[in-house]
There are 2 protein chains.
Amino acid sequence: MSKKERQQQLLSIIEGNPFVTDRELTRQLKVSIQTIRLDRMELGIPELRERMKQMAEHSYDQVRSLPVDEVVGDIVDLQLDRSGISIFEIREEHVFSRNGIARGHYVFGQANSLAVAVINDEIALTASADIRFVRMVRLGEKCIAKAQVRSLAGRNGKAEVDVFTYVGEELVFQGHFVVYRSAIEEYSEGGNRSADRH
Amino acid sequence: MSKKERQQQLLSIIEGNPFVTDRELTRQLKVSIQTIRLDRMELGIPELRERMKQMAEHSYDQVRSLPVDEVVGDIVDLQLDRSGISIFEIREEHVFSRNGIARGHYVFGQANSLAVAVINDEIALTASADIRFVRMVRLGEKCIAKAQVRSLAGRNGKAEVDVFTYVGEELVFQGHFVVYRSAIEEYSEGGNRSADRH
DNA sequence: TACATATTAGTACCTGGTTCTAATTGTTAA
DNA sequence: TTAACAATTAGAACCAGGTACTAATATGTA
């Protein structure tokens, strides 16, 4: 096996399992550990611990900016209990592969997540929604969702949020969301009953 | 500062920044490195490298399972243009981490995907929907969505589909979907205009 | 004061490396 | 054939960030 081939294999092994040590690589590639390390140098692959650290930091960054992970789309502006804006770009994984049109629940998900995020409460959950997909959204398009809180109805009640999603100037989606705020009492009954069964 | 207090602080420091070394902790807590390590032992907190490894493995698992959530739910029964049934189990990645309650758009996504799938057409897209989250769904629960086509209104028109989602006997979600069937002409105009811009 | 608990100190050892020098093996062009 | 060069291997010193263990020294407190 040539050097190029070996390095290509090394790359794909690490790609397939980033948690592999150099010692394990020597067993798989039948070369000395020094060769493995020279290869890693040449390919710019960091050591195992550095790889794990980078993965951990990456995932931590995502976790820390909770809204980013828990939400479909990036929230770029948020005035709690008032309004919010989120941006979401339609990628390969969001569309029907045969026609490149976004699956409805991603567009809905962006609006829903924003509607929930804009409500400033420990527990905020969608109770109901009335939605319209005004026009289909295609691969590569950038959806900008704008949420406006219409009514708050005190603590432990329902809040109403309107969300309009645009691609450029065009409206592609609109939704009226009713969101529960800290609605633990009326809500958890069913949830607990269900939890008892588990 | 008492031992309890210190350990409490240590916990919150590591919570706030899991990438802190014992050496850094000695500076923050003004005790010896041995005390830090005894505290970690007692609290069951693994060393920095182990913490990073766990985070990396966790995030890797999530990345690997990404393709799974492309389809929300498994369709187990399908009579085209008539009815369908889909099953979807709520896993870690579908819930809000802080309370274990499913994010609305997954429950919606299951119903939406089923409503679209049950319509036997080249292109079927959700046009609008009227939905209600009857009760929250928790981690581990299995959602069974049942779709019924209510009206078809000929080719190139709109179909109406009702979806009811249950956990066990309990209704957790209901939705009324209006789905376009091959509605290319009236629909693609906006889509193409937009596509031209890209 | 005696005893327990908490804290600190220090050493040996571990993994999974880096960095460096040096020797050995293969290959190829003059 | 041989000098030159790349590729590979070997080995030792060193590193971070620990664990595991022993032992000494506070600090209460009954």
Side-chain angles (χ1 to χ4, degrees), chain A residues 1-66 68-70, chain B residues 1-67 92-93 97-98:
Chain A
M1 201 193 327
S2 79
K3 193 181 171 183
K4 292 252 160 174
E5 280 177 329
R6 189 189 58 234
Q7 292 192 343
Q8 207 50 48
Q9 257 208 278
L10 184 139
L11 216 80
S12 80
I13 290 173
I14 293 182
E15 178 110 3
N17 173 22
F19 299 96
V20 68
T21 61
D22 287 359
R23 201 162 303 279
E24 278 175 50
L25 288 165
T26 64
R27 280 197 284 276
Q28 293 193 44
L29 296 176
K30 311 281 185 203
V31 287
S32 74
I33 202 156
Q34 283 78 3
T35 303
I36 296 291
R37 285 167 181 172
L38 283 172
D39 282 353
R40 269 201 302 101
M41 301 279 154
E42 287 183 29
L43 296 169
I45 300 171
E47 60 167 300
L48 167 60
R49 284 163 175 173
E50 190 55 34
R51 294 197 299 269
M52 293 196 302
K53 188 184 173 192
Q54 284 175 12
M55 293 176 73
E57 279 172 343
H58 183 255
S59 79
Y60 185 63
D61 287 347
Q62 289 202 328
V63 169
R64 235 190 351 193
S65 52
L66 254 177
V68 177
D69 187 45
E70 296 233 317
Chain B
M1 203 195 325
S2 78
K3 192 179 172 185
K4 292 250 159 173
E5 281 176 329
R6 189 189 58 234
Q7 292 192 342
Q8 208 50 48
Q9 256 207 280
L10 184 140
L11 216 80
S12 79
I13 290 173
I14 293 182
E15 179 109 3
N17 172 24
F19 299 96
V20 68
T21 61
D22 287 359
R23 203 163 302 279
E24 278 174 49
L25 287 166
T26 64
R27 282 198 284 275
Q28 292 192 46
L29 296 176
K30 311 283 185 200
V31 287
S32 74
I33 203 157
Q34 282 79 4
T35 304
I36 297 292
R37 285 166 181 173
L38 283 172
D39 282 353
R40 270 201 300 101
M41 301 278 154
E42 287 183 28
L43 295 169
I45 300 172
E47 61 167 299
L48 168 60
R49 285 163 174 173
E50 189 55 34
R51 295 196 298 269
M52 293 196 302
K53 188 183 174 193
Q54 284 175 12
M55 293 177 72
E57 280 172 341
H58 184 254
S59 79
Y60 188 61
D61 287 347
Q62 288 204 327
V63 169
R64 258 197 324 202
S65 70
L66 248 175
E92 279 288 348
E93 61 264 38
S97 51
R98 68 186 190 288

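Keep in mind it's a predicted model, so treat the numbers as computed, not measured. Here is how names work: the chains are called A, B, and so on, in the same order as the sequence lines, proteins then strands, and each is numbered from 1.
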S.K.: With a non-hydrogen cut-off below 4.0 angstrom, is B:Ile33 in contact with a base, only sugar-phosphate, or nothing?
M.R.: nothing

S.K.: Decide side-chain contact (heavy atoms from CB on, under 4.5 Å) for A:Leu38 and A:Lys3; before the verdict, give the C-alpha distance in whole Å, the side-chain angles of both, and the deciding distance to 0.1 Å.
M.R.: CA-CA 11 Å; A:Leu38 283 172; A:Lys3 193 181 171 183; over 6 Å; no

S.K.: Quickly work out the A:Glu42 CD to D:dA7 P distance and round it to whole Å.
M.R.: 7 Å

S.K.: Just the rounded figure in Å: distance from C1' of C:dA22 to CG of A:Leu38.
M.R.: 14 Å

S.K.: Using whole Å, what does the distance between atom C1' of nucleotide C:dG16 and atom CD1 of A:Ile36 come to?
M.R.: 14 Å

S.K.: Quick check: closest heavy atoms across A:Ile36 and A:Thr26, and the distance to 0.1 Å?
M.R.: CG1-CG2, 3.8 Å

S.K.: Does D:dT8 have OP1 or OP2 sitting under 4.0 Å from an N or O in the side chain of A:Thr35?
M.R.: no

S.K.: Assign a letter to each nucleotide of nucleotides 11-24 of chain D from its 5' end: B, base within under 4.0 Å of a protein heavy atom; S, sugar-phosphate only; -, no contact.
M.R.: B----BBBB-----

S.K.: Starting at CG of B:Leu29, measure out to CG of B:Asp39 and round the result to the nearest 0.5 Å.
M.R.: 8.0 Å

S.K.: Using the side-chain contact (heavy atoms from CB on, under 4.5 Å) rule, take B:Leu11 and B:Ile45 through it: C-alpha gap first, then chi angles, then the decisive distance, then the call.
M.R.: CA-CA 8 Å; B:Leu11 216 80; B:Ile45 300 172; 3.7 Å; yes

S.K.: Between protein and nucleotides 25-30 of chain D, map the contacts as a letter string: B base, S sugar-phosphate only, - none, heavy atoms under 4.0 Å, written 5' to 3'.
M.R.: ------

S.K.: Taking CD from A:Glu24 and P from C:dG16, how many angstroms apart are they, rounded to a whole number?
M.R.: 9 Å

S.K.: Please give me the minimum heavy-atom distance between B:Pro18 and B:Met55, naming the atom from each residue.
M.R.: CB-SD, 4.2 Å

S.K.: In residues 2-12 of chain B, which residues come under 4.0 Å of DNA chain C by heavy atom?
M.R.: B:Lys3, B:Arg6

S.K.: Let me know the distance between CG of A:Asp39 and P of D:dT9, rounded to the nearest Å.
M.R.: 10 Å

S.K.: Distance-only, no hydrogens or angles: does the B:Glu50 side chain make a donor-acceptor pair with backbone N or O of B:Glu47 under 3.5 Å?
M.R.: no

S.K.: Can you tell me how far CG of B:Leu25 sits from OG1 of B:Thr35, rounded to the nearest 0.5 angstrom?
M.R.: 12.0 Å

S.K.: In whole angstrom, give the distance that lies between atom CD of B:Glu50 and atom C1' of C:dC14.
M.R.: 14 Å

S.K.: Grab the two heavy atoms, one from B:Gln7 and one from B:Leu43, that are nearest each other, plus how far apart they are.
M.R.: O-CD1, 3.6 Å

S.K.: Atom CD in B:Gln9, atom CZ in B:Arg6: separation rounded to 0.5 Å?
M.R.: 10.0 Å

S.K.: Around atom CD of A:Gln8, are there more than 12 heavy atoms from other residues, nucleotides or ligands closer than 6.0 Å?
M.R.: no

S.K.: Is the side chain of B:Arg51 donor-acceptor paired with the backbone N or O of B:Val20 at a distance under 3.5 Å, no angle test?
M.R.: yes

